[in-house]
Amino acid sequence: QVQLVESGGGLVQAGGSLRLSCATSGRSFSFYAMAWFRQAPGQEREFVSAINWGNRNTDYADSVKGRFTISGNSVDNTLYLRMDSLKPEDTAIYYCAADISYPPPVGLPRRDGARYSYWGQGTQVTVSS
């Protein structure tokens with residue numbers, strides 16, 4: 001049983017920074033990509049960022065581009081999200097997810113959450129104004 005566990009969320013003032021982590025445990029096999037999604041109260045889940053382990057290509061939602069940085073280690077499927085210049089609209093539960101859908105992504109990692117098979121329980125990020 002694969003488990004993804006996020007950590008690092010919290011309360012921060014606007015303009016501040018946080019670093020989210022996602023650790024993988026359980027059955028060991030390769031993920032094609034990993035991603036961060038978020039869901040604010042009353043809103044749909046949205047893509048934030050992803051990394052393709054095969055070529056290290058990364059992708060970001062326009063709303064976070066230039067402020068967030070995704071990184072990680074494909075050997076143990078550890079994922080990070082460095083979030084700088086946080087805004088109140090970044091407030092949400094942040095989820096990490098793993099993509100094992102065949103065929104593997106070519107070029108950029110996938111943005112469609114439906115293609116991600118494993119999900120963490122989420123970590124709350126709250127940005128005060």
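Bear in mind the structure is a predicted one, so any value in this text is a computation, not a measurement. What you see below is based on every heavy atom in this structure, not just the backbone, and it leaves out hydrogens, waters and symmetry mates.
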Evaluate side chain to side chain contact (heavy atoms under 4.5 Å, CB included) for R110 paired with S101, printing each intermediate quantity in order.
CA-CA 10 Å; R110 287 182 269 252; S101 298; 3.8 Å; yes
According to side-chain hydrogen bond (donor to acceptor under 3.5 Å, both in side chains), who are the partners of R82, at least two apart in sequence or on a separate chain?
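Scan of R82 (side-chain hydrogen bond (donor to acceptor under 3.5 Å, both in side chains), adjacent residues dropped) gives D84.
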Answer yes or no: is there a side-chain heavy-atom contact under 4.5 Å between [X] and [Y]?
| X | Y | answer |
| --- | --- | --- |
| M83 | Y94 | yes |
| W36 | L79 | yes |
| Y80 | L20 | no |
| W119 | L4 | no |
| L86 | L18 | yes |
| L81 | V48 | yes |

Exam field: side chain [X] to backbone [Y], donor-acceptor pair closer than 3.5 Å:
| X | Y | result |
| --- | --- | --- |
| E6 | Q121 | yes |
| N55 | G107 | yes |
| N52 | P105 | yes |
| R111 | Y60 | yes |
| T58 | A50 | no |
| S49 | D59 | yes |

Which residues share a ring-ring contact (aromatic ring centres under 6.0 Å, His included) with F47, sequence neighbours left out:
F37
Can you find a side-chain donor-acceptor pair between N77 and W53 that sits under 3.5 Å?
yes
Please say yes or no: joined through hydrophobic side-chain contacts below 4.5 Å, possibly via intermediate residues, are [X] and [Y] part of one cluster?
| X | Y | result |
| --- | --- | --- |
| Y116 | I93 | yes |
| M34 | Y32 | no |
| I100 | I51 | yes |

Salt bridge (charged side-chain N to carboxylate O under 4.0 Å, His left out) with E89: which residues, sequence neighbours excluded?
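Checked E89 against salt bridge (charged side-chain N to carboxylate O under 4.0 Å, His left out); zero matches.
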Answer yes or no on whether R38 is positioned over the face of Y95, meaning its NZ or CZ is under 6.0 Å from the six-membered ring centre and within 45° of the axis.
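Judged by the rule (NZ or CZ under 6.0 Å from the ring centre, within 45° of its axis), R38 is not positioned above Y95.
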Minimum heavy-atom separation for [X] to [Y], with atom names?
| X | Y | value |
| --- | --- | --- |
| A14 | S129 | CB-CA, 4.4 Å |
| A40 | A92 | N-CB, 3.8 Å |
| D76 | T78 | OD1-OG1, 2.8 Å |

Tell me, with the steps shown, if L11 and Q124 meet side chain to side chain contact (heavy atoms under 4.5 Å, CB included).
CA-CA 8 Å; L11 173 63; Q124 176 71 47; over 6 Å; no
Tell me whether D62 is salt-bridged to K65, with the criterion being a basic N under 4.0 Å from an acidic carboxylate O.
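Between K65 and D62 there is a salt bridge, with a charged N closer than 4.0 Å to a carboxylate O.
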Roughly how far apart are S85 OG and R67 CZ, rounded to 0.5 Å?
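Here the rounded value is 7.0 Å.
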